[in-house]
Amino acid sequence: MKKVLSILVIALFAIAMVSCSKVNDTEKLIIGQWQETEVIGTTTINGVTGEPESMLEPDETTVITFKKDHTYSSLWTTDGGEVASKGTWSVQDNTLTMTSESISTECNIDELDKNNMVLSYHESGVESGLSYSTLVVIKMKKI
């Protein structure tokens, strides 16, 4: 019985270590500076899906810095000026959550390696009596 119990404890410990390393590996890959390279939105209005469209203006850049202490800072720059923000971030399963003072955004992590990250999220609502949903895909490169 002791042998079976020992094997069970070792197996549970090994599973816990593998589970923790997956989360840590994802977090390790996210930590650093990332620049948006492409933002594509595909909108569906009252059941009719339009063509994917770029949501990134030619003179627009966004850089997000994810820190080890689970805080982030971002700087959005256009020819009209700059907007800085900061907040906290976390990863659970395949979801990156970024929370600032007034907004919390959950993004699916669609791709992630040491140089590239692809995130996506959905927006939906009703505007001028029309029901809409938009799939936003954000492609980023590590800088």
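- With contacts defined as side-chain heavy-atom distances shorter than 4.5 Å, the pair Asn108/Asn94 does not qualify.
- Minimum heavy-atom separation, Ile40 to Ser54: CD1-CA, 4.0 Å.
- Between the side chains of Thr95 and Asp93, no donor-acceptor pair of N or O atoms lies under 3.5 Å.
- A donor-acceptor pair under 3.5 Å links the side-chain atoms of Asn46 to the main chain of Ser131, judged by distance alone.
- Heavy-atom minimum distance, Thr42 versus Thr49: CG2-CG2, 3.7 Å.
- In terms of heavy atoms, Thr37 sits closest to Met140 at OG1-N, 4.0 Å.
- Atoms CG and SG, on Leu96 and Cys107 in that order, are 6.0 Å from each other to the nearest 0.5 Å.
- Residue Thr88 holds its OG1 atom at 9.0 Å from CE of Met98, rounded to the nearest 0.5 Å.
- In this structure, Trp89 has its ring center under 6.0 Å from that of Phe66.
- Contact between His70 and Glu27 at its shortest, heavy atoms only, is CE1-OE2, 3.3 Å.
- When all heavy atoms are compared, the tightest approach of Val126 to Tyr132 is N-CE2, 3.8 Å.
- Residue Glu101 holds its CD atom at 7.5 Å from NZ of Lys86, rounded to the nearest 0.5 Å.
- Atom-to-atom distance recorded for Glu106:CD and Tyr121:OH is 13.0 Å, nearest 0.5 angstrom.
- For the pair Gln33/Ile64, no side-chain contact is recorded, criterion being any heavy-atom separation below 4.5 Å from C-beta on.
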